[in-house]
Enquirer: 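My structure is below; once you've seen it, I'll send some questions.
Nothing here was measured: the structure is a model prediction, and the numbers come from that model. Quick note on labels: first sequence line is chain A, next is B, and so on, each numbered from 1.
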Amino acid sequence: MLGKGGKRKFDEHEDGLEGKIVSPSDGPSKVSYTLQRQTIFNISLMKLYNHRPLTEPSLQKTVLINNMLRRIQEELKQEGSLRPVFTPSSQPSDSLSDSYREAPPPPTHPCDLGSTTSLEACLTPASLLEDDDDTFCTSQTVQPASPPRLSPPALAQEKDSFSSALDEIEELCPTSTSTEAAVAVTDNLKGTSSGASIPKPEGSQEGRTDDSKLMDSLPSNFEITTSTGFLTDLTLDDILFADIDTSMYDFDPCTSASGTASKMAPVSADDLLKTLAPYSSQPVTPSQPFKMDLTELDHIMEVLVGS
Amino acid sequence: MGQAGAFTTSFLEFPRVSFYSVLPADIISTVEFNHTGELLATGDKGGRVVIFQREQESKNQVHRRGEYNVYSTFQSHEPEFDYLKSLEIEEKINKIRWLPQQNAAYFLLSTNDKTVKLWKVSERDKRPEGYNLKDEEGRLRDPATITTLRVPVLRPMDLMVEATPRRVFANAHTYHINSISVNSDYETYMSADDLRINLWNFEITNQSFNIVDIKPANMEELTEVITAAEFHPHHCNTFVYSSSKGTIRLCDMRASALCDRHTKFFEEPEDPSNRSFFSEIISSISDVKFSHSGRYIMTRDYLTVKVWDLNMENRPIETYQVHDYLRSKLCSLYENDCIFDKFECVWNGSDSVIMTGSYNNFFRMFDRNTKRDVTLEASRENSKPRAILKPRKVCVGGKRRKDEISVDSLDFSKKILHTAWHPSENIIAVAATNNLYIFQDKVN
């Protein structure tokens, strides 16, 4: 049953993922640490999103997985906080592959964050979204653009410019349908619980900015389906799963998770690592340039968000 | 040492007395002896409760003394559907707790994820005969044919055990119930879910008191859940609950109506040399049990069992490694979800030995006095009736001896999560997936 614990060919110094946990400060073993961390991160994401249970998933399990994801995100954020988080689109692919194969250069290297994997790079916009509320819609073109351009290994399909542009929009601003549905779902929750303490205030809807609405949709999802978790999963979904996700438009708390989950093939930790290795040798082209003008983006956002 | 429950050297030799298999499809989800040990209740994934009764000693069947036979079977919970959430509510019995016996009938609480039920199990071995208005089949008689009156008499009949639901405590838990515990006042009990604990009176089903609530105002801030809860065996105002972060809180209901502020807080500082990505997950406590004396609590997390003195909050007084060889396998165990398995732990009657389950149908016993421990296996192949159980050993590396099992050969689908210990004798019940094993100490 533990057959997946095979040796990883990637790094000779490593004795497989089951080896001793190394501190991030050692040289060559930093790669194994980050590799391990990345694998655990991927596994955690898969657990949250692949799960389509008939019964309510265990809250304890969900909380523990979310804590794991949070911790890893925190670590990544701390590692990334010493240098600019986003690599400009023109970042040469060489440095990416170089740093991936060898021991990563000291933290001051600008593409260090991106060197671990594209998934992490894709995550940084999410974590940024959590912090920098006011840079949401006015952020520089470059920032949200480049990470999603790096197609995540084994999980995403070919993007065309329209769906990628749509993803940009979805990533930056949740639609009003999702927040309405979130409110509806919260109301339902209130109806089902009795003798319990007051459910989350729906009144917290007022005075929210766009990004806060993003956060708002999460708690109610969390309560009902829990498979969406309460990290910024909406943005992650859009980045990871390139098909147009119509679950945003016909929001149903139970099918939204399955909508994304159905796009994922079951991937084992082994497969993920295998995909990471060949990926590192490919030139990472920040492919399609961000085609939408910033003003157009603003306009579309306004339309989607409503008044 | 003559006291039942105290182990001599013979505690390593455990013959099997009886072995029962419930329907193959049903996984046993809880096991519990009643307060005298005469009855053993099991709950399964299909919502059924099976009660075993111990054979009374009889002259002509001396060797059969101590065998448990099926006494009653009933369907406790049915699957339900929550229409608002579009999710099924499992009928799996999460916990059974007996009430102390106060009359001829037996009472137990059984719960699934959402609803607690009080069941009355009673015997009927006589039935009235000779009604005036009904005939023997129960049909009404034509009044014109009744010419005399007689008094109905009770005649013996074949023993019938019937179970009736006496109370249904529903609609009080938004989250999944993980524990129930009967208070020592025998009038109240508590039910705990992931975020809340409710206090019930047995007589009142439409209302309960919320005594613990750890739900944050913003669910996004949720990082910790309640994993188990239990009342103190003697002090009806005291209870403990454990969390997914490895902490135990002791609360006194006299302090306030809502016991969100604990009286005592038990937490062991993290061992920096053992830190890993999975430190938090493996520290999550899956079971908490007061000792019979009420002086200690025992907690089970993924790799260890710990005994805490109620008077010392900063660390446990004893820590026992259940299967430390799994420490290097945590990533795989995380991937296949085994790391979330919830093992239970039990005390023996004298609080001198503790027992818990592991994988590969292994279960472990630790003698707190002699510090000896043993690993035994619950399996049909390895146990013949009346045979003595052989201790097992897991080999962690290097040369494997003849009888040892290597870590990589362990079967992680065969897990022993639920065990029970007779309150006063050396009789244990071990649930291995869908098989129930009952073992008895060789000492006559």
Enquirer: Side chain, backbone, both or neither: which part of B:Ile226 has a heavy atom under 4.5 Å from chain A?
Expert: neither
Enquirer: Please name the pair of heavy atoms, one in A:Glu56 and one in B:Lys114, separated by the smallest distance, quoted to 0.1 Å.
Expert: OE1-NZ, 4.2 Å
Enquirer: Do you know the tightest heavy-atom contact between A:Leu64 and B:Ser244?
Expert: CD2-O, 4.0 Å
Enquirer: What part of B:Ser409 gets closer than 4.5 Å to chain A, counting heavy atoms only: side chain, backbone, both or neither?
Expert: neither
Enquirer: Given heavy-atom pairs under 4.5 angstrom as the criterion, report whether the side chain, backbone, both or neither of B:Asp337 touches chain A.
Expert: both
Enquirer: Ignoring hydrogens, what is the shortest heavy-atom contact between A:Arg71 and B:Phe277? Give both atom names and the distance.
Expert: NH1-O, 3.1 Å
Enquirer: At their closest point, which heavy atom of B:Val225 faces which heavy atom of A:Val63, and how far apart are they?
Expert: CG1-CG2, 3.9 Å
Enquirer: Can a donor-acceptor pair be found between the side chains of A:Gln60 and B:Thr227 at a distance below 3.5 Å?
Expert: no
Enquirer: Search all heavy atoms of B:Cys331 against all heavy atoms of A:Ile40 and return the closest pair with its distance.
Expert: SG-CG1, 4.0 Å
Enquirer: For chain A, find which of B:Ile89, B:Ile339, B:Asp194 contributes the most heavy-atom pairs closer than 4.5 angstrom.
Expert: B:Asp194
Enquirer: Decide if atom OH of B:Tyr325 counts as having more than 12 heavy atoms of other residues, nucleotides or ligands within a radius under 6.0 Å.
Expert: yes
Enquirer: For the pair A:Leu59 and B:Leu195, evaluate side chain to side chain contact (heavy atoms under 4.5 Å, CB included) and give the outcome as yes or no after the intermediate values.
Expert: CA-CA 9 Å; A:Leu59 186 65; B:Leu195 297 179; 4.0 Å; yes
Enquirer: Measuring from atom CD of B:Glu280 to atom CZ of A:Arg70, what distance do you get when rounded to the nearest 0.5 angstrom?
Expert: 10.5 Å
Enquirer: Which atoms of B:Glu224 are under 4.5 Å from chain A, going by heavy atoms: the side chain, the backbone, both sets, or neither?
Expert: backbone
Enquirer: State the OG-NZ distance between B:Ser284 and A:Lys61, to the nearest 0.5 angstrom.
Expert: 13.0 Å
Enquirer: Given a strict heavy-atom distance threshold of 4.5 Å, which part of B:Phe340 is in contact with chain A: side chain, backbone, both, or neither?
Expert: side chain
Enquirer: Just verifying a value: how many Å separate A:Ile65 CD1 and B:Ile281 CD1, rounded to the nearest 0.5 Å?
Expert: 7.0 Å
Enquirer: Quick one: pull up CD in B:Glu335 and OG in A:Ser44 and give me the separation to the nearest 0.5 Å.
Expert: 10.5 Å
